[in-house]
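Below is one structure, written out as structure tokens; comments come after it.
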Amino acid sequence: MKTVDFRYFKLQPGDKVLDLGCGEGRHVIAAYVEAEVTAVGVDLNFADLKTASQRAADFIDPDTSLRQFCLSNANALQLPFADHSFDKVICSEVLEHIDNYQGVLKEIARVLRPGGLFCASVPRRWPEKICWRLSKAYHQVEGGHLRIFHARHLKANIQQLGFRFYRRHWAHALHSPYWWLKCLLWEQDEHFLIRHYHRFLVWDLLEKPRLSHVMEQGLNPIMGKSVVMYFQKELNQ
């Protein structure tokens, strides 16, 4: 399930792409498949990196040098990369989990070359507020969400670091009701509503039916669970 839309985040042959907080690999693998790039995934959770490596195995072509794929266990506040190492940086559904998110943004600004592109996504404010109201455990669980972002404030934080904003959209509208149900029926994953909705989401992901695609595109501006913003680092930074 991709949150980043590569139509607005064009990958060029030879790009070095960082997926910061890559989790189980959805965007770092997608970047590798999308273009002839070096795709690097970084995460603090070693178990997630192991899953990402296993998932990537079906896509990696060992007979080409045009695409490279690698994963690294590292702290987002102390990235093991030199200044201006990357042409593109993705940070999707990560910043809400980190106390010092502004420190992470500074690290992103450091490792991204001038003129490079940055995509950030976080949970959208009003669907997230419903989750918090329905369940305290949703955001108090270890590794849970530490804050609810206001997209305008996050945008300003990033712009202050020398980035130019150029695009915004919303994503995953069909997932908002699922998480409201999860929060309402916390720790009741076997409840028939949750089971059947999850089955629908898996079916939608695998089969990609046109009807649900059209539905989600229409609903995203209204109730998309994620807000996705795209920036370009100024050349003088």
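- For the pair E234/P114, no side-chain contact is recorded, criterion being any heavy-atom separation below 4.5 Å from C-beta on.
- Smallest separation of non-hydrogen atoms from E96 and S121: OE1-O, 4.4 Å.
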(request) Begin from the C-alpha positions of Y178 and I194 and carry the test side chain to side chain contact (heavy atoms under 4.5 Å, CB included) through to its verdict. (result) CA-CA 7 Å; Y178 173 73; I194 294 177; 4.0 Å; yes
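- Judged by distance alone, the side chain of K88 and the main-chain N or O of D19 form no donor-acceptor pair under 3.5 Å.
- For residues 208-217, the pairs satisfying side chain to side chain donor-acceptor pair (under 3.5 Å) are D204-S212, with sequence neighbours left out.
- Annotation: side chain of F6 is in contact with side chain of L11 (closest heavy-atom distance under 4.5 Å).
- M215 and W179 fall within the same hydrophobic cluster, defined by Ile, Leu, Val, Met, Phe, Trp and Tyr side-chain heavy atoms under 4.5 Å apart, directly or through other members.
- For the pair L95 and F149, the tightest heavy-atom approach, listed with the atom from each and the gap, is C-CE1, 3.7 Å.
- Atom CD in E93 sits 9.5 Å away from atom SG in C91 (nearest 0.5 Å).
- Counting only residues at least two apart or in different chains, side chain to side chain donor-acceptor pair (under 3.5 Å) contacts with residues 47-58 comprise E24-R55.
- Under the 4.5 Å side-chain heavy-atom criterion for ILVMFWY residues, a single connected hydrophobic cluster contains both V94 and L161.
- Residue pairs meeting the salt bridge (charged side-chain N to carboxylate O under 4.0 Å, His left out) criterion with at least one member in residues 105-120, sequence neighbours excluded, are D83-R110, D87-R113, E107-R110.
- Judged as a salt bridge (Lys or Arg N to Asp or Glu O under 4.0 Å), and not counting sequence neighbours, the contacts of D189 are K182.
- Pairs engaging residues 104-126 under the ring pair (Phe, Tyr, Trp, His ring centres under 6.0 Å) rule: F118-F163, W126-W180 [sequence neighbours left out].
- To the nearest 0.5 Å, the span separating CG on L181 from NE2 on H196 amounts to 12.5 Å.
- Here the closest non-hydrogen pair linking G143 and H97 is O-ND1, 2.7 Å.
- Interatomic distance, L71 CG to C22 SG, rounded to the nearest 0.5 Å: 5.5 Å.
- For R199, there are no side-chain hydrogen bond (donor to acceptor under 3.5 Å, both in side chains) partners two or more places apart in sequence or in a different chain.
- A 4.5 Å side-chain heavy-atom check between V42 and L18 finds at least one atom pair inside the cut-off.
- Residues satisfying the ring-ring contact (aromatic ring centres under 6.0 Å, His included) criterion with H27, sequence neighbours excluded, are absent altogether.
- Taking a 4.5 Å side-chain heavy-atom cut-off between Ile, Leu, Val, Met, Phe, Trp and Tyr, the cluster of L44 contains only that residue.
- Within a 6.0 Å sphere centred on NZ of K233, other residues, nucleotides and ligands contribute more than 12 heavy atoms.
- Within the 4.5 Å cutoff, the side chain of H139 has no heavy atoms near those of the C131 side chain.
- Of all the heavy atoms in N220 and A173, the pair that sits closest is OD1-N, 2.9 Å.
- Note on L154: it clusters hydrophobically with L77, by side-chain heavy-atom contacts below 4.5 Å among ILVMFWY residues.
- Here the closest non-hydrogen pair linking V89 and V111 is CG2-CG2, 4.5 Å.
- Each of L20 and F9 belongs to its own hydrophobic cluster when Ile, Leu, Val, Met, Phe, Trp and Tyr are linked at side-chain heavy-atom distances under 4.5 angstrom.
- In the hydrophobic clustering of this structure, I90 does not group with L49; members are Ile, Leu, Val, Met, Phe, Trp, Tyr whose side-chain heavy atoms approach within less than 4.5 Å, directly or through other members.
- Counting only heavy atoms from C-beta outward, the side chains of V17 and V40 never approach each other to under 4.5 Å.
- Residue T3 comes nearest to S226 through the heavy atom pair CG2-CB, 4.3 Å, listed as atom of the first residue, atom of the second, then distance.
- Atom CG of L146 sits about 9.0 Å away from atom CD1 of I98, to the nearest 0.5 Å.
- With contacts defined as side-chain heavy-atom distances shorter than 4.5 Å, the pair H172/M1 qualifies.
- Distance CG/L219 to NZ/K225: 15.5 Å, rounded to 0.5 Å.
- Side-chain atoms of R195 come within 3.5 Å of backbone N or O of E190 as a donor-acceptor pair.
- Between the OG atom in S176 and the CZ atom in R124 there is a gap of 8.0 Å [rounded to 0.5 Å].
- The side chain to side chain donor-acceptor pair (under 3.5 Å) contacts involving residues 142-170 comprise Y8-R167, Y101-N157, E128-H145, Y138-H145, R164-Q232, H169-Y230, where partners must be two or more places apart or lie in separate chains.
- With sequence neighbours excluded, no residue forms a ring-ring contact (aromatic ring centres under 6.0 Å, His included) with F59.
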(request) May I have the step-by-step check of side chain to side chain contact (heavy atoms under 4.5 Å, CB included) for L184 and S135, ending in yes or no? (result) CA-CA 6 Å; L184 180 64; S135 172; over 6 Å; no
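- Sorted by first and then second residue, the salt bridge (charged side-chain N to carboxylate O under 4.0 Å, His left out) pairs with a member in residues 129-139 form an empty list; sequence neighbours excluded.
- When atom types are taken as modelled, the side chain of D43 and the backbone of A74 share no donor-acceptor pair closer than 3.5 angstrom.
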(request) Apply side chain to side chain contact (heavy atoms under 4.5 Å, CB included) to F231 and L117, showing your working. (result) CA-CA 6 Å; F231 303 84; L117 302 185; over 6 Å; no
Let me check something: any side-chain donor-acceptor pairs from residues 29-39 under 3.5 Å, sequence neighbours excluded? List them with distances.
from: Y32; atom 1: OH; to: D61; atom 2: N; distance (Å): 2.9

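- Using bins of under 30°, 30° to 60° and over 60° for the plane-to-plane angle, the ring pair F200/Y197 lands in the perpendicular bin.
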